2 protein chains.
Amino acid sequence: MLKNMNFIEKLRETGLRPTKQRVKICEILFNREKTFHFTINDLAKKISEELNEKISLATVYNTVHALQKKGYLKEISINSHKSYFDTNTSVHHHFYDEDTQQLIDCDENEIETVNVKKNITGKKINSVEVLVRVASDNQNQN
Amino acid sequence: MLKNMNFIEKLRETGLRPTKQRVKICEILFNREKTFHFTINDLAKKISEELNEKISLATVYNTVHALQKKGYLKEISINSHKSYFDTNTSVHHHFYDEDTQQLIDCDENEIETVNVKKNITGKKINSVEVLVRVASDNQNQN
DNA sequence: CAACAGTTTAGAATAATTATAATATATAAT
DNA sequence: ATTATATATTATAATTATTCTAAACTGTTG
């Protein structure tokens, strides 16, 4: 299980004990080519699919929120019913496909740097993020 | 109560009966200079402050959602815990003050048109919106 | 003003998230 | 290795936000 060493390291660095469950969650989240966009529900489903033993929902919530707080996950809220987490924690833009309800990361060069002219005294800009909502071109396709 | 006529008109146009409660809600939402950003909670609180009689939460939810569906309100989701409605229903950008948890509309000219270079085949762009998160410049101010 | 259809309401039902407290486990010291 | 300790996991309970329900009420139309 050499491939898990980095997760164990990651967890340790953030002050979390690398328990079996947490390592498993990290594996599912971070052991992939592309960045992963998921809701807690998605993740819980994936866990129960990939694992024989189940992990309690409370642990999933706790671990995801701990990772988010430590900066290893980022939350992206689409509407009051859908909130995603993103393994790409850098400031970046998204496409949201309203048909499939899928989030897609934008590369740096796919959206030109946004020029913010407004300035609020005493406040600094923490992030500037764009959400592009797309949907099927053909309305009656469904 | 001549000033309410426009709300009554507005409600009628959207197929909603202009009941006392709905007119009151419209008054609070639309009878103001600036656009109004609010959570359901904010609105319910404002209603009970400004009114002697109370309006049932169910009615507040129903009316707000009906107005949203009809296009008189727009939802802006900041994170999974905070979802705002906006009386400005046009596609536009926002500042979010992370200290005060307040949403601020951007004028057309305060953020330069965002140039989206990416194209997803078969999909058309419905909206492009920017969220600028700001916070106090002075970290230890609180 | 009577009748009907649509509304409001309080409270119940549901869903998502968080808290709790008993049991289990990782870690560090022995 | 074993043990002691602090921390984690878990099932379940509690909480919160939202939606549903069905009875009472009200706006509208004729």
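Just so we're on the same page: letters track the sequence lines, and every chain starts at 1. Only this structure's heavy atoms are used, side chains among them; waters, hydrogens and symmetry mates stay out. Nothing here was measured: the structure is a model prediction, and the numbers come from that model.
Around NZ of A/K82, the count of heavy atoms belonging to other residues, nucleotides or ligands within 6.0 Å exceeds 12. For B/E50, the CD atom counts as densely surrounded, since its 6.0 Å shell holds more than 12 non-hydrogen atoms of other residues, nucleotides or ligands.
In this structure, A/Q68 atom CD and C/dT17 atom P are separated by 12 Å, rounded to whole Å. One interatomic measurement links the two molecules: CG of A/L57 to P of D/dA8, which rounds to 19 Å at whole-angstrom precision. As a whole-Å value, the separation of A/L16 CG from D/dA8 P is 7 Å. A straight line from NZ of B/K45 to P of D/dA17 spans 11 Å, rounded to a whole angstrom. The distance from atom NZ of A/K54 to atom C1' of D/dT12 is 11 Å, rounded to the nearest whole Å. When the P atom of D/dT10 is taken as reference, atom CG of A/L51 falls 10 Å away, rounded to whole Å. Atom P of nucleotide C/dG11 and atom OH of B/Y61 are separated by 17 Å, given to the nearest angstrom. Following rounding to the nearest Å, A/K82 (NZ) and D/dA17 (P) show an atom-to-atom distance of 21 Å.
The side chain of B/R22 lies closest to C/dT8, out of D/dT9, C/dT8, D/dT28. Taking every side-chain heavy atom of A/S56 into account, D/dT10 is the closest of C/dT9, D/dT10, C/dA26. The side chain of B/H81 sits closest to C/dT17 out of D/dC20, C/dT17, D/dT28.
Mapping A/R17 and A/T59 onto DNA chain D via the closest heavy atom, the residue that lands nearer the 5' end is A/R17. Mapped onto DNA chain C by nearest heavy atom, B/I55 and A/S83 fall at different nucleotides, with B/I55 at the one closer to the 5' end. Each of A/K20 and B/N41 was matched to the nucleotide of DNA chain D holding its nearest heavy atom; the match closer to the 5' end belongs to A/K20.
A cation-pi arrangement is found for A/K118 relative to B/F95, the charged atom lying closer than 6.0 Å to the ring centre and inside a 45° cone about the ring normal. Geometric assessment of B/K46 against the ring of B/F38 yields a negative cation-pi assignment under the 6.0 Å and 45° thresholds.
Between B/R12 and D/dT28 there is a side-chain polar atom (N or O) within less than 4.0 angstrom of OP1 or OP2. Within the structure, a side-chain polar atom (N or O) of B/Q21 is placed less than 4.0 Å from OP1 or OP2 of C/dT9. For B/H65, a side-chain nitrogen or oxygen approaches OP1 or OP2 of D/dT19 to under 4.0 Å.
At a threshold of 4.0 angstrom between heavy atoms, the contacts of B/T19 are confined to the sugar-phosphate backbone, with no base atom among them.
Of the charged side-chain nitrogens involved, none lies within less than 4.0 Å of a carboxylate oxygen, so that B/E49 and B/K54 do not count as a salt-bridged pair.
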